[in-house]
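Accompanying notes for the structure given below.
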Amino acid sequence: MYTEKVMDHFANPRNVGELPDANAIGQVGNPKCGDIMKIYMKIEDEVIKDISFKTFGCGAAIATSSMATELVKGKTIQDALALTNKAVVEALDGLPPAKIHCSVLAEQGIKAAIADYYKRQGIDPEPIVGCHCDCEHCEH
Amino acid sequence: MQRFVYADNAGTTALSKTALEAMMPYLTEFYGNPSSIYSLGRKSKTAIETARQKIAAAIGAKAEEIYFTGGGSEADNWAIRSVVEKMSKKGRHIISTAIEHHAVLHTLKALEKQGCEVTYLPVDSYGQISLDELKDAIRDDTILITIMMANNEIGTILPIAEVSKIAKERGILVHTDAVQAVGHIPVDVDELGVDMLSLAAHKFRGPKGIGALYVRKGLFLPAYLTGGGQEKGRRAGTENVAGIVGMAAALEEAIANMDENIKKVTAMRDRLIENLLKIQFSRLTGDPVNRLPGTASFVFECIEGESLVLSLDAKGICASSGSACSSASLDPSHVLLAIGLPHEIAHGSLRLTINEDNTDEDIDYILAEVPPIIARLREMSPLWEDKINGKL
């Protein structure tokens, strides 16, 4: 049911763990739904210099976290905000329909971390990031 | 070479050699239709009737009380739907439990849409029902009690003989889904006192796609499939001769070795339970005493079951989980929720189901591989850092 790329990112996740000097941390999902993603970023001059994640969840949740961090690493905030769940799914050569919500969570995780970056600077993130919907998507 | 350990025998089992050998002639030279009168056909007919006698003997029934079906789900469907059809004048109330297999639960849900009323008895943390609650649930229009003999996810064995006693006093029919029990623990239809019992060959090292429904003599169920006159006109369709023969051979073998198998399998199961419970924040699911010999089922906090199963697969271990992510919905298994586990803990379930094919070396291998996988997944889990920091 999973593609080789999903299995590769599940078995050998990229950028896993905490980032000690992170200046942006976002967490999405909830334990009740069975997946939580926590994204750590080190942002300098509007560029995501470093990124890592911690995820509680299924194979797809871990693989989408890994792929999403790969896709935005070294990118500007603007580029990272343009990341869609669809791009994550495509980069993994597809996900089973029941697992698409994991890619949505990955997109939201990236946005949540960027929102945190702005908040720490006293800037209201909502006009820039949009709603980073903490967990309500789980209902879908 | 990497070791391969099959520990999902509640899912299905490997076909026994004895069963395969018994089946082969009926997949090759003896291909006659059992309904044909020439000798090739009669050969198949004789094989079916011999198999029927063996299966009946294995569960303390008479040959004419055994009806072959396409598996356990079909047997469950037939039993429940037939009673509803047959008893419509008496009433439409059915009593079952919250932890039945989907073959029963989804059938009941469908019948509810057609006007049946169903009481789903709750279970305690071991997965046991209360007999008092059963008594209280009985109404004048109750037509059927359908309760599984042993649960497929947590291995709990339910008190079917006591259920039947209560049902008898009130003149209510009893069906039990004994798919996980037959071939693994003693099953005797008279001791259990049931009117109908479902079994499936592939759970006791027989072939897939074949099962049986026991129907007590004197209880005439309406036909499930109409067509030719097979199975006394109740279940039409040319018989799965090789499947039937294989089922009988596998069951005969399982019964002959049952005492020895129970001893061997229970010892391996207990070693799994004892050692895996040493993992921090783990617990056993199901009844610790009234438990299937081969079922070792757990929850491990702060990890998700599918990740665990995939990681075990990478090590050559086949296991299963009742986590949400192993299903299409976002909810963990109805059984784990029914025994009172919160969603977040039910997500971390692992079911290892072993049988007599497994060895002590298999258990050593599982015990060596599971703890580091759990440690790795916890290391990756944001819940774990909260848990060990006392925030959860």
Side-chain angles (χ1 to χ4, degrees), chain A residues 1-4 6-19 22 25-40 52-66 69 95-102 104-105 109 112-113 135-140, chain B residues 2 281 299-317 319-334 336-337 341-350 369 372-389 391-392:
Chain A
M1 70 184 230
Y2 284 141
T3 64
E4 265 175 52
V6 172
M7 286 310 295
D8 175 40
H9 276 263
F10 166 71
N12 311 291
R14 286 40 153 196
N15 313 311
V16 68
E18 281 167 57
L19 207 58
I25 300 175
Q27 182 168 314
V28 290
N30 87 28
K32 216 182 152 203
C33 302
D35 32 34
I36 299 180
M37 285 180 198
K38 194 168 183 180
I39 305 280
Y40 304 78
S52 71
F53 77 92
K54 275 190 152 187
T55 292
F56 158 77
C58 62
I62 290 169
T64 53
S65 313
S66 168
T69 57
L95 277 179
K99 303 290 187 179
I100 297 295
H101 77 276
C102 294
V104 175
L105 208 58
C135 189
E136 303 318 312
H137 68 278
C138 265
E139 309 304 324
H140 304 304
Chain B
Q2 193 183 43
F281 303 110
V299 281
F300 300 102
E301 290 186 46
C302 304
I303 62 165
E304 194 283 324
E306 190 207 79
S307 300
L308 180 53
V309 167
L310 288 172
S311 304
L312 286 167
D313 181 44
K315 295 290 181 185
I317 299 169
S320 70
S321 169
S323 81
C325 293
S326 31
S327 70
S329 78
L330 287 179
D331 280 329
S333 111
H334 64 283
L336 299 176
L337 296 179
L341 291 176
H343 276 70
E344 55 269 32
I345 291 175
H347 283 299
S349 72
L350 175 69
E369 294 300 335
I373 288 172
I374 289 175
R376 174 178 171 270
L377 291 172
R378 281 178 169 172
E379 198 54 47
M380 223 190 275
S381 166
L383 288 178
W384 183 242
E385 85 191 45
D386 290 345
K387 181 92 196 170
I388 50 174
N389 292 334
K391 283 190 218 156
L392 267 184

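The figures here come from the full heavy-atom set of this structure, side chains too, leaving out hydrogens, waters and symmetry mates. Lettering of chains follows the sequences in order, A, B, ..., and the numbering in each one begins at 1.
Residue contact with chain B, scored on non-hydrogen atoms closer than 4.5 Å, involves the backbone of A/A60 exclusively. Both the backbone and the side chain of A/I36 come within contact range of chain B, each with at least one heavy atom under 4.5 Å from a heavy atom of that chain. Both the backbone and the side chain of B/L310 come within less than 4.5 Å of a heavy atom in chain A. For chain A, the nearby part of B/R376 is the side chain; its heavy atoms alone come within less than 4.5 Å.
Within the 4.5 Å cutoff, no side-chain heavy atoms of B/K387 are placed close to those of B/R378.
One finds the CD1 atom of B/I303 at 13.0 Å from the SG atom of A/C58 (value rounded to the nearest 0.5 Å).
Under the side-chain hydrogen bond (donor to acceptor under 3.5 Å, both in side chains) criterion, A/S66 pairs with A/H9, sequence neighbours left out.
Here the rule is side-chain hydrogen bond (donor to acceptor under 3.5 Å, both in side chains) with B/S321, and of B/S307, B/S349, B/S333 only B/S349 fits it.
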